[in-house]
Amino acid sequence: MTIPLLEEIASALNCRVADLMGAGQIIEQPVVVLPFRGSGKRLAFDGEQVDRIGKPSTLQAIEVEDDAMSPTLTKGDIVLIDRTVAKVTKDGVYAIEASGHTMVKRVSFNPIRKKLTITNDNALYAPLGDVAPSDIKVAGRVVWAGKRL
């Protein structure tokens, strides 16, 4: 491992490079660094955990920007999306793009009406309503969430 990589990992974990060292040795646990969507930031993850979630090359982190999905997700929480999911095939939480902005929303598909229903988990936020699948771009399906402490 290189010093710059150790510095990036320590920064992402909010610790010192020395904290990553054990008895003069570099920690043997594999680490995967994943990019944040829309920024130059990156996030270090336990490599074994990432392998259980998906392929590192298809995963991307997003920081939740508001409380519209509360209590499920709140401002500052981190989600990982699987970028290979480009359309809604089953109900779930997705990262969607509209007007150049990425949002994390609950999306369900009505096969009879051929419409997507986009909602928030927080009742204080109005649902975005029904849209045609072609009206939105799906950035990915949420496959993991980390709560901000």
Side-chain angles (χ1 to χ4, degrees), residues 1-2 4-16 19-20 27-149:
M1 249 187 216
T2 65
L5 179 57
L6 284 172
E7 289 170 343
E8 286 182 34
I9 293 169
S11 175
L13 295 174
N14 197 25
C15 68
R16 301 173 302 143
D19 295 332
L20 298 175
I27 296 173
E28 295 289 328
Q29 184 173 345
V31 175
V32 174
V33 179
L34 299 174
F36 268 88
R37 182 171 189 80
S39 76
K41 297 190 301 184
R42 294 184 282 200
L43 183 66
F45 265 89
D46 175 316
E48 292 175 6
Q49 183 179 15
V50 169
D51 287 341
R52 285 191 296 274
I53 297 169
K55 293 180 182 176
S57 62
T58 68
L59 299 174
Q60 195 170 53
I62 296 177
E63 184 173 352
V64 176
E65 296 180 355
D66 57 35
D67 289 329
M69 288 297 292
S70 179
T72 309
L73 299 167
T74 56
K75 184 176 182 173
D77 289 350
I78 305 296
V79 297
L80 292 183
I81 60 169
D82 179 349
R83 295 180 298 122
T84 64
V85 178
K87 65 181 184 174
V88 176
T89 56
K90 60 182 176 179
D91 297 354
V93 179
Y94 291 82
I96 59 173
E97 293 180 353
S99 303
H101 185 68
T102 302
M103 302 174 282
V104 178
K105 301 293 179 190
R106 187 165 303 281
V107 183
S108 58
F109 179 65
N110 183 326
I112 296 168
R113 293 180 43 228
K114 295 186 170 68
K115 294 282 186 179
L116 298 175
T117 301
I118 303 171
T119 60
N120 300 297
D121 288 358
N122 188 336
L124 297 175
Y125 288 76
L128 299 179
D130 292 346
V131 299
S134 60
D135 289 343
I136 64 165
K137 180 179 180 199
V138 176
R141 187 169 200 273
V142 173
V143 293
W144 180 90
K147 301 296 277 176
R148 183 180 189 133
L149 299 177

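Along the sequence shown, residues carry numbers from 1.
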Contact list for residues 99-132, test ring-ring contact (aromatic ring centres under 6.0 Å, His included), sequence neighbours left out: none

Out of curiosity, L43 CG to I9 CD1, how far, rounded to the nearest 0.5 Å? 11.0 Å

The salt bridge (Lys or Arg N to Asp or Glu O under 4.0 Å) partners of D51 (sequence neighbours excluded) come to none

Just to verify, what does R83 make a salt bridge (Lys or Arg N to Asp or Glu O under 4.0 Å) with, not counting sequence neighbours? none

Here the pair of heavy atoms bringing K105 nearest to I96 is CG-CD1, 4.1 Å

Locate the shortest heavy-atom distance separating V79 from A145; write the atom from each residue and the value. CG1-CB, 4.0 Å

For V143 and I81, work out which heavy atoms get closest and say how close. CG2-C, 4.4 Å

Any side-chain heavy-atom pair of V93 and R106 under 4.5 Å: yes

With the side chain counted from C-beta on, respond yes when E97 and T102 share a heavy-atom pair under 4.5 Å apart, and no when they do not. yes

d(M69 CE, N120 CG) to nearest 0.5 Å is 7.0 Å

Please tell me if the side chains of I118 and Y94 come closer than 4.5 Å, counting only heavy atoms from C-beta onward. no

Steps toward side chain to side chain contact (heavy atoms under 4.5 Å, CB included) verdict (K75, D66): CA-CA 4 Å; K75 184 176 182 173; D66 57 35; 5.6 Å; no

Tell me whether N122 contacts the main-chain N or O of L124 through its side chain, where contact means a donor paired with an acceptor under 3.5 Å. yes

Pairwise distance OG(S70) to CG(D121) - rounded to 0.5 angstrom: 8.5 Å

Return the minimal non-hydrogen interatomic distance between P56 and L34, and the atom names on each side. O-CD2, 3.6 Å

Got a sec, which residues hit side-chain contact (heavy atoms from CB on, under 4.5 Å) with K114, two or more places apart in sequence or on another chain? none

Do the non-hydrogen side-chain atoms of W144 and L59 ever get within less than 4.5 Å of each other? no

Would you compute the distance between atom CZ of F36 and atom CZ of R42 and round it to the nearest 0.5 angstrom? 11.5 Å

Does a salt bridge link D77 with K147, judged by any charged N lying under 4.0 Å from a carboxylate O? yes

Quick check: closest heavy atoms across N110 and I112, and the distance to 0.1 Å? OD1-N, 2.9 Å

Among all residues two or more places apart in sequence or in another chain, which pass the salt bridge (Lys or Arg N to Asp or Glu O under 4.0 Å) test with E65? none

From OG1 (T119) to CG (D130), nearest 0.5 Å: 10.0 Å

Among residues at least two apart in sequence or on other chains, which ones pass salt bridge (Lys or Arg N to Asp or Glu O under 4.0 Å) with K115? none

Closest approach of L116 to P133 (non-hydrogen atoms, all atoms of both residues): CD1-CA, 3.7 Å

